[in-house]
Amino acid sequence: MILPLHEQLKARVRTLLAERYDITDPDLSITVECPPNRTLGDLGTPVAFDLARRLRKAPRAIAQEIAAAFGPVPGITRVEAAPNGYLNVFLDRPSFLLARLGLAGTLPALPPRTDKTIVEHTAINPNKAAHIGHLRNSALGDTLVRALRFRGTPVEVQNYIDDTGVQVADVVVGFREFEKIDLAGARQLAATTRFDYYCWDLYARVTEWYAGDKERLKVRAATLHDIEHGVEPTAGLAAFIADTVVRAHLKTMARLNIDYQLLTWEGDILRLKFWARAFEAMKATGAVYLQHEGKHAGCWVMKIDDPDATPSPEDDDPESREKVIVRSNGTAVYVAKDMAYQFWKSGLLGHDFYYRPFATRMNGETLWATTSDTALAASEHPSFGAAAATYNVIDVRQAYLQKLLKQALGAIGHQAEADRLTHFSYEMVALSHATARELGFAPPPDSDEAKRPFVEVSGRKGLGVKADDLIDRVIDKAMSEVDRRQPDLPEAERRRIAEAVGIAAVRYFLIKYSRTKVIAFDIDEALSFEGESGPYLQYAAVRANNIFQKLHDRLGLDEAAMLAPLPSAPPDFLNGSDGDHELWALVLEASRLDDVVEQVVRTLEFAVLAKYGFGLAQMFNAFYHRAQILNEERDDVRRWRAAAVAYFRLQLTRMLDLMGVAVPPRM
RNA sequence: GCGCUCGUAGCUCAACUGGAUAGAGCAUCGGCCUUCGAAGCCGGGGGUCGCAGGUUCGAGUCCUGCCGAGCGCACCA
């Protein structure tokens, strides 16, 4: 872990700037970087560049003055001004490594974080099986949760269930209109088939059915009305479908080590009249007002204060600067429910759900769900909602609505909460043309679709790759690789390994791309276990494990015994006395995990985490080929190498855990 | 029409948010399994960073204008 040293370095530079140049500017930011190679230094800062104009001196001269005045700082052996003006710092290698392995000294701790943070992710309509687009959301969301927890932030993970929307209504229509299946029939079906897959196909058929005759949309409207108002038998059937599909989604996500603490059901928000509360707050603060004129006459509207969010395509008339929140018939629009939900998340609603146990989490704890039924309500439950900060993980197409949410918080007088609401936006997943062709989704040759750079996934059309199908394929492929390499292991063990490898492949694939980039999903790439892939990272960790395993098996040396003498061992080899800094470079790179996590949380760019893990694994693999441990005869060299490998393994394992990936004993 | 995002090697993507010689994977060509596992390692070839200006010690990164692509902008959800 390197961040404590960053802080020490910054503090020292700050003090020097104050002493020598009388610069006490509190917002002067001192950035600490990692120089491109170890001969230049271990940490570096371009601070002299920032001061060059202010001090009317060359950056190099400033860097030299700072270096000369630097003085002793624990953990730092040398400070140097590079010819180009960088101020570079060299660390005390042995004490750095020993402290991080817990063999000597202590690590300075960073202040604890206490602000409760809600992360909402997944939020798949509970009317069909999950597809790869949903997986991107969940993989990013879950990695965010893990990253926040890694740095000590208390997190509450929620999954929002839209059980009362048109998508569920459409499947209900399918069951009743052309399958003629009632609740009892649906139960029967759920007991005997892949219910979420069945709904996937049915949903696509309903979409086609509507397209055949627009009049049929009236059936949807009536169904939606019955669901919202609890009219049986429609409402009961809808509830059953949503419940069953949600449980299927949970199972799918659990395969990837993704789970939740609370399911928030839209139906409960409706029945508990959260919107009425939110509406009162918005009226009271003037955030919404009744429009009397123009095309929005009779509607309650909210002013859009951001001109780039003009909702009307035609022109810039005054009405286009407002968003309708309550229609002239008195019903609230879609985003209104989101506002009520968000007010609750931010602790501003003054009203709470009831809660019921829903399932058991992967760690054995209870997965809770909201309820509006007092008969189901548990008398004791953890407290939910009312967070200091919120992340909503939703794809970029919802950016406009998320902006409205933020504005609503500000408009009711809670700018601080608005500032701490983050829309974690990411681009969608489409299919590469090659994969679309392979799956039988190729668009007609001369169509507009065929000319686009990728083929769009559409749940509505049943066009896409189901999450479980992808996971099955990737695990099957991993299984055949494991069978080849580990024929002596029992089947169940090989299966466990294949699952771990498959998860690594899928999860790495889903976060390796920048979130602003559309993923043109390519099945061959997703199934690849070579090069920049999850299994590559696992493989490096497995190799590191094997070294210690072999040390134990062949020489009877366990890790502790191997490393214990190091505090009194000669440090020359780690210090690069032979001109080789490869070992130290590995240690330093491994230590950067906390720095990377900070960057990732700041920018929400999880591709950076993926690349870091890959680069670290690459560094280890190169080292592994060049340097022996088992057969190394120089005792101190062998022990320092073992120490570096131990630290690398620790850090890479932590990094993989941030992606929900485990390191198998073999693979 | 307005807004957001993207354009970097044959393909898919990076570049620590303005820093040191623009790097990886795949593909391709050539080496390395009697030494801790070849899901690996080493090396070669491959670049007008979409185009044109500008800002400054420094620009793939920032500003402006073009070109190309994607997405969004309802009294839908």
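Note: hydrogens, waters and symmetry copies are ignored here, and every other heavy atom, side chains too, is used. These numbers were taken from a predicted model, which means no experiment stands behind them. A note on names: the letters A, B, ... follow the listed sequences, proteins ahead of strands, and every chain is numbered from 1.
One can place CG of Asn127(A) at 16 Å from P of A77(B), the figure rounded to the nearest angstrom.
Taking the six-membered ring where tryptophan is involved, the planes of Phe648(A) and Phe620(A) are essentially parallel, since the angle between them stays under 30° and well short of 60°. Using bins of under 30°, 30° to 60° and over 60° for the plane-to-plane angle, the ring pair His225(A)/His229(A) lands in the parallel bin.
Listed pair Gln618(A) / G40(B) fails the phosphate criterion, with no side-chain N or O lying under 4.0 Å from OP1 or OP2. Taking 4.0 angstrom as the limit, Tyr624(A) places none of its side-chain polar atoms (N or O) nearer than this to OP1 or OP2 of C42(B). Side-chain nitrogen and oxygen atoms of Arg327(A) include at least one within less than 4.0 Å of the OP1 or OP2 phosphate oxygen of A77(B).
Across all strands shown, C2(B) forms a Watson-Crick or G-U wobble pair, both distances under 3.5 Å, with G72(B). Checking G40(B) for Watson-Crick or G-U wobble geometry (two distances, each under 3.5 Å) identifies C32(B) as its partner. Nucleotide U55(B): unpaired (no Watson-Crick or G-U wobble partner with both distances less than 3.5 Å). In a base pair of the Watson-Crick type (N1 to N3 plus N6-O4 or O6-N4) or a G-U wobble (N1-O2 and O6-N3), with each distance short of 3.5 Å, A15(B) is matched with no nucleotide.
Within 4.0 Å (heavy atoms only), Asn546(A) reaches at least one base atom of the nucleic acid. At the heavy-atom level, Gln628(A) lies under 4.0 Å from base atoms of the strands shown. Looking at heavy-atom distances under 4.0 Å, Arg452(A) makes contact with sugar-phosphate atoms alone, never a base. Among the atoms of the strands shown, none is found under 4.0 Å from any heavy atom of Val47(A). Nucleic acid contact class of Pro35(A) (heavy atoms, under 4.0 Å, all strands): base. Within 4.0 Å of Asp170(A), counting heavy atoms only, lies no atom of the nucleic acid at all.
Checking Arg639(A), Arg641(A), Arg626(A) one by one against Glu632(A), the salt bridge (charged side-chain N to carboxylate O under 4.0 Å, His left out) holds for a single residue, Arg641(A).
Between Trp265(A) and Tyr160(A), the ring center distance fails the sub-6.0 Å criterion.
Salt bridge absent: Glu427(A) and Arg515(A) never bring a charged side-chain N and a carboxylate O closer than 4.0 Å.
Side-chain atoms of Thr516(A) lie closest to C6(B) of the nucleotides G40(B), C6(B), U35(B). When each of C41(B), A39(B), A69(B) is scored by its nearest atom to the side-chain atoms of Pro453(A), the top-ranked nucleotide is A69(B). Taking the side chain of Tyr539(A) as heavy atoms from C-beta on, and the options G37(B), C57(B), C75(B), the nearest nucleotide is G37(B).
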